[in-house]
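Reading through the structure tokens given below for one structure.
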There are 2 protein chains.
Amino acid sequence: MKENVSGCSVEEAMRLLGGRWRLLLASFLLDGPKRFNELRRHVPNISQRMLTLDLRALEEAGLVKRTVYPEVPVKVEYSLTVEGERLRKIVSVLQEFGLWLKDRKTAT
Amino acid sequence: MKENVSGCSVEEAMRLLGGRWRLLLASFLLDGPKRFNELRRHVPNISQRMLTLDLRALEEAGLVKRTVYPEVPVKVEYSLTVEGERLRKIVSVLQEFGLWLKDRKTAT
DNA sequence: CGGAATCCCTTCCGATACTG
DNA sequence: CAGTATCGGAAGGGATTCCG
């Protein structure tokens, strides 16, 4: 079955991006590099822990690059890699859908 | 902040579609209406339970329509609503990304 | 055929405290 | 500033059994 091949690929994609925060974080990184606490401010509800874990996951997947500037105090910057740019379409399509969801609720 | 508005919309979208199976199920329904056990065959790893729960969630969101034909034995068909067609772009973008993920692993 | 009900395990995620 | 460590609760999901 050919459908299973493309089907599984949706599953794989969701396994990587399916968490609560990952695509949300990506949406901010698409605007440009961000520091750790800068991301926290953009996403007030995320805990330090999840911010770290999710950034690590995206890094491991090669979508995000972590750069440490050895100043005092340390400065760490997260940016999308070239491959991470592939998230742009996903984020934008999901944003559009999410906005439609909200409008529909409001409109009742 | 404007970014928070669009940001939250990503979160909302993921809250509805973020599970392991929902978009996968949608991807098959995009091909046309399917019966319960037909969907099970397409997605062999899903349990009855999750199939039911996820279909119900999509139904409640107005994206899927459930039609019962009162034959013996019963026949139940699931189809996308007009609004459910909005999932097409999401699924296709995610399929593309998932395929890229797999290719990358294979290529190593 | 298309479920519902129950039980149980795993993963996600938040809160808190501590660190170089 | 940018983390790590640990704990505990909540949610996601699987296996099995029973039903109209």
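Labels below follow one simple rule: chain letters A, B, ... track the order of the sequence lines, proteins then strands, and each chain is numbered from 1. Just so you know, these numbers come straight off a predicted model, no measurement behind them.
- Considering only side-chain N and O atoms, R56(B) lies under 4.0 angstrom from the phosphate OP1 or OP2 of dG3(C).
- Side-chain N/O atoms of R49(B) include none lying less than 4.0 angstrom from OP1 or OP2 on dA15(D).
- Mapping Q48(A) and R22(A) onto DNA chain C by nearest heavy atom places R22(A) at the nucleotide closer to the 5' end.
- Closest to the side chain of F36(A), from the set dG14(D), dG3(D), dG3(C), is dG3(D).
- Remark: the backbone N or O of L58(B) is not paired with any side-chain donor or acceptor of R22(B) at under 3.5 angstrom.
- Residue R15(A) is out of contact with every strand shown, counting any heavy-atom pair closer than 4.0 Å.
- Closest-nucleotide positions on DNA chain D for E38(A) and W21(B) were compared, and the one nearer the 5' end corresponds to E38(A).
- In this structure, the side chains of T67(A) and V76(A) stay at 4.5 Å or more apart for every pair of heavy atoms.
- You'll find the side chain of R20(B) stays beyond 4.5 Å of the side chain of M50(B), heavy atoms only.
- V74(A) comes within contact range of at least one nucleobase, with a heavy-atom separation under 4.0 Å.
- Note on Y78(B): only backbone sugar-phosphate atoms sit closer than 4.0 angstrom, heavy atoms only; bases stay farther off.
- Out of dA2(D), dG3(D), dC1(C), the shortest distance to the side chain of R35(B) is found at dC1(C).
- Side-chain atoms of I90(B) and L87(B), non-hydrogen and from C-beta on, do get closer than 4.5 Å to each other.
- Contact annotation: R20(A) does not reach the phosphate of dG12(D) (side-chain N/O to OP1 or OP2, under 4.0 Å).
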